[in-house]
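These numbers come from a predicted model, not from an experiment.
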Amino acid sequence: MKLTIDTTGKTFTVTKGVEEKKDQNDRQKFDRITKEPLWTVQVMALDETGGEMINVTLAGNAMPKINVGQTVVPVELEAMPWATNGRNGVAYRAKSLNAQAAGKAA
């Protein structure tokens, strides 16, 4: 089950550089449908209730060009709850993370 996240009033700041999303054998993962390589970016989501660190997965043939400290705007951000072997969490995926213009609020 995928849940689309309303990003209105939230600020997203890149806190860790782009990395290849790896499988258990340390190989880069690929999207099951598009076959594009998957990337992961750690961001801090901040709103009036506080901040939370999340890892956002992106698909694309080229590594996304975003930098640590940069404010970004997620496009079509989705949350997907998961549970495996007694563990659970939420996976986040976006179509893209677009750089926000300097001095412009989200």
Side-chain angles (χ1 to χ4, degrees):
M1 169 183 190
K2 294 180 183 179
L3 305 168
T4 301
I5 297 176
D6 180 6
T7 59
T8 305
K10 295 175 178 59
T11 302
F12 296 85
T13 304
V14 177
T15 55
K16 188 175 180 185
V18 179
E19 295 180 346
E20 293 180 352
K21 185 166 180 112
K22 305 272 185 136
D23 66 13
Q24 62 272 17
N25 298 315
D26 205 35
R27 291 188 299 241
Q28 187 170 16
K29 292 175 125 182
F30 290 83
D31 184 274
R32 292 180 191 148
I33 297 168
T34 67
K35 307 300 185 212
E36 292 178 313
L38 296 177
W39 309 92
T40 186
V41 181
Q42 183 184 75
V43 299
M44 179 179 62
L46 181 66
D47 65 14
E48 69 280 351
T49 64
E52 181 179 353
M53 299 296 247
I54 62 173
N55 289 312
V56 178
T57 298
L58 305 167
N61 288 317
M63 179 183 280
K65 293 186 180 356
I66 48 181
N67 301 309
V68 173
Q70 189 171 21
T71 301
V72 294
V73 178
V75 175
E76 297 178 26
L77 182 62
E78 296 177 325
M80 296 158 284
W82 60 268
T84 306
N85 299 327
R87 296 175 44 222
N88 61 62
V90 178
Y92 295 92
R93 185 166 177 149
K95 187 172 185 172
S96 65
L97 292 176
N98 294 339
Q100 182 174 318
K104 187 176 177 184

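- Shown here is Lys95, whose NZ atom has no more than 12 heavy atoms of other residues, nucleotides or ligands within 6.0 Å.
- Remark: side-chain polar atoms of Asn25 are not paired, donor with acceptor, to backbone N or O of Arg27 under 3.5 angstrom.
- Rounded to the nearest 0.5 angstrom, Glu52 CD and Met44 CE are separated by 11.5 Å.
- Two residues are said to be in side-chain contact when any heavy atoms from C-beta on lie closer than 4.5 Å; Thr7 and Phe12 meet this criterion.
- Transitive grouping of hydrophobic side chains (ILVMFWY, heavy atoms separated by less than 4.5 Å) keeps Phe30 and Met63 in distinct clusters.
- Contacts classified as side chain to side chain donor-acceptor pair (under 3.5 Å) and involving residues 54-65 (residues at least two apart or in different chains) are given here: Lys21-Thr57.
- When atom types are taken as modelled, the side chain of Gln28 and the backbone of Leu38 share a donor-acceptor pair closer than 3.5 angstrom.
- A distance of 9.5 Å separates OH in Tyr92 from CG in Leu3, rounded to the nearest 0.5 Å.
- In terms of heavy-atom proximity, Val41 sits nearest to Val18 at CG2-CG2, 3.7 Å.
- Residues passing the side chain to side chain donor-acceptor pair (under 3.5 Å) test with Asp6 are Thr8, sequence neighbours excluded.
- In terms of heavy atoms, Lys22 sits closest to Glu20 at CE-OE1, 3.3 Å.
- Listed by chain and number, the residues in a salt bridge (Lys or Arg N to Asp or Glu O under 4.0 Å) with Glu19 are Lys16 (sequence neighbours excluded).
- Under the rule for a side chain to side chain donor-acceptor pair (under 3.5 Å), the partners of Asp31 that lie at least two apart in sequence or sit in another chain are Thr34, Arg93.
- Between Gln70 atom CD and Asn98 atom CG the span is 10.0 Å, to the nearest 0.5 Å.
- Ala94 and Leu58 make their closest contact through O-CD2, 3.4 Å (heavy atoms, listed as atom of the first residue, atom of the second, distance).
- Listed here is the closest heavy atom pair of Ile5 and Ala79: CD1-CB, 3.7 Å.
- Judged as a side chain to side chain donor-acceptor pair (under 3.5 Å), not a single pair has a partner in residues 78-90 (not counting sequence neighbours).
- Considering only residues two or more places apart in sequence or on other chains, Thr13 meets the side chain to side chain donor-acceptor pair (under 3.5 Å) condition with none of them.
- Nearest approach of Trp39 to Pro64, heavy atoms of both residues: CG-CD, 3.6 Å.
- The hydrophobic clustering, which links ILVMFWY residues whose side-chain heavy atoms are closer than 4.5 Å, places Val43 and Val90 together.
- Checked options Val14, Leu77, Val72; the residue passing with Val56 is Leu77 (criterion: side-chain contact (heavy atoms from CB on, under 4.5 Å)).
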